[in-house]
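Quick notes on the structure that follows.
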Amino acid sequence: MKTYHWNNQILETTPWGQQIIAVLEAALQAVDPAKVVAETLHLEDDHLIVGEKTYDLNQFRRVLLVGAGKAGAPMASAVADVLGDRVDAGTVVVKQGYASGSETSAGLKQRIHILEAGHPLPDIRGVEATQDILKLVQGAGQADLVICLISGGGSALLTAPVQGVTLDELQTLTDQLLASGATINEINTLRKHLDRVKGGKLARIAAPAALVTLVLSDVVGDPLDVIASGPTVPDSTTFEDAWQVLKRYELLEKTPEGIMRALQAGRQGNLSENPRPGTYFFHNTQTVIVASNQQAAEAAASKARHAGFNTMLLTTFLQGEARQAGRTLAAVARQIDAHAQPLERPACVVVGGETTVVLQGDGLGGRNLELALGAVRELADLPQVALVSLASDGGDGPTDSAGALVTGETLQHALARGLVPEDFLARNDSYHFFDPLDNLLRPGPTQTNVNDLAFVFAFS
């Protein structure tokens, strides 16, 4: 069973630290990519069983493996473990530094290429890796089986700009959207209309091959057309929807020219909308969600319950401004302390979802760190209470941290060092607030990605 090194002195030295670590690790282990893929795929003689469907491998000339996302390497390794030499060729693109975890035989390593690329901003390596994937699937025919592995981060990693749009323009747009506080649903609505593989178009390219997609969901509610921008499933959004996202965040005048031309062409009917439900080539496809935020949250809650905590899984639909979400969760802790509601001590409240940050300063941090920073003053002086925020992929934005731990003593320790929470919130500099306090969580890349988790602990 995989273990993690949290590199956090508070967790390592407090009596309740090991209890928190056990809950965090239970969540991550439940959505371990290799484990969930191995539980989904079964080989019986020459028949591959995927969920409720069975594929007779004798009917296929080749089995091709493609994919994109932070969990791609261990997912590919699990497929290789099940199918062995039956995999004829494959290309999977993962985030820089995430290629480990694809331990396969030497022969399979020659056929399955794990390529690294940039995230969250797409880069030329992602474009080139996507071209390799396109070469594989464009040659697929009716006698081929294509297995596609999709996980969080796939939107940036799987990149093939439409004609007239440059990589630089996509990078600029991505930066603008991330800074504006746009949701992943809104960001991917634009991506799907500016790319040749997203929004169901990879499925069209792979047709008439049989197509199986295994999905590790990193989007609230698990909408298939949003996860990694839905390259193998129907799309319900339009060019007009994409335009309205830019309008909503007042980006129309700042958007690069090539992107504006492409969207205008689509709005005017000069470009086809993405494939809709019922399109013929989706009839020969199967999509299975192998793990999600709900699964991780349930595992964490179960572990806490067995450890003796009164436990509640409050929601896996947490969204909105990160700092405000932190204040709300701190208010839950205060309610437990003051009125033993919604739970009596010892208590553990589990929350999942994905918040957003509107950038107002030039500091360093991400949504999990900002959520934690938003809770610091609200938790001040509460006894035996901890709030923990966690990016399930092990990295919060551009930092080496996955999140932070806040207790009732954090504000006192910060002020003693001259660190005022509001000053750091004003410049979105949550990392440099928590780093000198040793409140950061640094497990390193977990090679999974199922949104974020947050926990409110109240000890006896």
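Nothing here was measured: the structure is a model prediction, and the numbers come from that model.
Using a 4.5 Å heavy-atom cutoff, the side chains of L369 and F433 are not in contact. A 4.5 Å side-chain heavy-atom check between I49 and L43 finds every atom pair outside the cut-off. Side-chain contact check for V37 versus P33: every heavy-atom pair is 4.5 Å or farther apart. At a threshold of 4.5 Å between non-hydrogen side-chain atoms, the residues V66 and L149 do not count as touching. Two residues are said to be in side-chain contact when any heavy atoms from C-beta on lie closer than 4.5 Å; L379 and L411 fail this criterion. Contact of the Q96 side chain with the R125 side chain is registered, since non-hydrogen atoms from C-beta on lie closer than 4.5 Å. Counting heavy atoms from C-beta outward, L373 and F434 have side chains that approach closer than 4.5 Å.
The aromatic ring centroids of F457 and F309 lie less than 6.0 Å from each other.
Judged by distance alone, the side chain of K198 and the main-chain N or O of L158 form a donor-acceptor pair under 3.5 Å. Although no hydrogens or angles enter the test, the distance criterion places a donor-acceptor pair under 3.5 Å between the side chain of T446 and the main chain of S392. Side-chain atoms of D396 come within 3.5 Å of backbone atoms of N368 as a donor-acceptor pair (strictly under, hydrogens ignored). At least one donor-acceptor pair under 3.5 Å links the side chain of T448 to the backbone N or O of V31. Here the side chain of T407 pairs no donor or acceptor atom with the backbone of A386 at under 3.5 angstrom. The closest donor-acceptor contact from the side chain of N310 to the backbone of E344 lies under 3.5 Å. Side-chain N or O atoms of R327 include none that pairs as donor or acceptor with a backbone N or O of E378 at under 3.5 Å. Remark: the backbone N or O of N185 is paired with a side-chain donor or acceptor of T189 at under 3.5 angstrom. Side-chain atoms of N293 come within 3.5 Å of backbone N or O of D452 as a donor-acceptor pair. The main-chain N or O of D438 is never found under 3.5 Å from a side-chain atom of Q9 such that the two would form a donor-acceptor pair.
Look at D32 and K35 and you find no salt bridge, because none of the NZ, NE, NH1 or NH2 atoms lies under 4.0 Å from a carboxylate O. The pair R345-D337 counts as a salt bridge, with a side-chain nitrogen and a carboxylate oxygen less than 4.0 angstrom apart. Salt bridge status for R111 with D85: present, with a side-chain N to carboxylate O gap under 4.0 Å. Remark: K192 engages D225 in a salt bridge, criterion side-chain N to carboxylate O under 4.0 Å. Using a 4.0 Å cut-off between charged side-chain N and carboxylate O, K254 and D175 make no salt bridge.
One finds the NZ atom of K201 at 3.5 Å from the CG atom of N274 (value rounded to the nearest 0.5 Å). Here the CD atom belonging to Q384 is positioned 7.5 Å from the CH2 atom belonging to W16, to the nearest 0.5 angstrom. Summarising the geometry, atom CG belonging to N449 is positioned 4.5 Å from atom CG belonging to D393; distances are rounded to the nearest 0.5 Å. Atom CG of L178 is separated from atom CG of L359 by 8.0 Å, given to the nearest 0.5 angstrom. Between I114 atom CD1 and M75 atom CE the span is 11.0 Å, to the nearest 0.5 Å. Atom CZ of R377 is separated from atom OG1 of T410 by 12.5 Å, given to the nearest 0.5 angstrom.
No more than 12 heavy atoms of other residues, nucleotides or ligands lie within 6.0 Å of NZ in K303, so this atom counts as exposed by the packing criterion. More than 12 heavy atoms of other shown residues, nucleotides or ligands fall within 6.0 angstrom of atom CD in E422. Other residues, nucleotides and ligands contribute over 12 non-hydrogen atoms within 6.0 Å of the CD atom of E39. A 6.0 Å sphere centred on CD of Q341 holds more than 12 heavy atoms belonging to other residues, nucleotides or ligands. A 6.0 Å sphere centred on NE2 of H42 holds more than 12 heavy atoms belonging to other residues, nucleotides or ligands.
R191 pairs in a side chain to side chain contact (heavy atoms under 4.5 Å, CB included) with only one of the listed residues (T174, L173, L177), which is T174. Here the options are V87, T91, I133, the test is side chain to side chain contact (heavy atoms under 4.5 Å, CB included), and the partner is L65; only V87 passes.
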Can you list the steps and then say if T237 with D235 is a side chain to side chain donor-acceptor pair (under 3.5 Å)?
CA-CA 6 Å; T237 65; D235 184 25; 2.9 Å; yes

Can you check side-chain contact (heavy atoms from CB on, under 4.5 Å) on L441 and L11, steps first, answer last?
CA-CA 9 Å; L441 305 178; L11 290 182; 3.8 Å; yes

For W6 and E25, what are the C-alpha separation, side-chain angles and deciding distance, and is it a side chain to side chain donor-acceptor pair (under 3.5 Å)?
CA-CA 10 Å; W6 296 94; E25 294 195 351; 3.2 Å; yes

Could you give me the CA-CA distance, side-chain angles and deciding distance for D218 and S151, then say whether side-chain contact (heavy atoms from CB on, under 4.5 Å) is met?
CA-CA 7 Å; D218 72 326; S151 57; over 6 Å; no

Apply side-chain contact (heavy atoms from CB on, under 4.5 Å) to the pair E321 and V358, showing each step before the final yes or no.
CA-CA 8 Å; E321 184 68 24; V358 178; 3.5 Å; yes

Using the rule given for side chain to side chain donor-acceptor pair (under 3.5 Å), can you reason through D400 versus Y431, listing the C-alpha separation, both sets of side-chain angles and the distance that settles it, and then say yes or no?
CA-CA 9 Å; D400 63 351; Y431 183 91; 2.8 Å; yes

Side chain to side chain donor-acceptor pair (under 3.5 Å) between N428 and Q360: does it pass, once the steps are laid out?
CA-CA 7 Å; N428 303 112; Q360 300 166 329; 5.0 Å; no

CA sep, side-chain torsions, deciding dist, call: V406, V388, side-chain contact (heavy atoms from CB on, under 4.5 Å):
CA-CA 6 Å; V406 181; V388 181; over 6 Å; no

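Among residues two or more places apart in sequence or in another chain, the side chain to side chain donor-acceptor pair (under 3.5 Å) test is passed with Q176 by none.
Between D241 and S236 the shortest heavy-atom distance is OD2-O, 4.3 Å. Between Q447 and Y98, the shortest heavy-atom contact is NE2-O, 2.9 Å. L170 and P122 get closest at one heavy-atom pair: CB-CG, 4.5 Å. Of all non-hydrogen atoms in I124 and L167, the two that sit nearest each other are N-CD2, 3.4 Å. Across all non-hydrogen atoms, the minimal contact from A372 to L387 is CA-CD2, 4.3 Å. Between L364 and D429, the closest heavy-atom pair is N-OD1, 2.9 Å.
T232 and T213 share a side-chain donor-acceptor pair at under 3.5 Å. For the residue pair Q294/T316, the side-chain donor-acceptor check at 3.5 Å is satisfied. H432 and D435 form no side-chain donor-acceptor contact under 3.5 Å, judged by distance and modelled atom types alone.
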Identify each donor-acceptor pair in which a side-chain atom of residues 347-354 lies under 3.5 Å from a protein atom, sequence neighbours left out, and give them as a table.
{"from": "E354", "atom 1": "OE1", "to": "R367", "atom 2": "NH2", "distance (Å)": "3.3"}
{"from": "E354", "atom 1": "OE1", "to": "N451", "atom 2": "ND2", "distance (Å)": "3.3"}

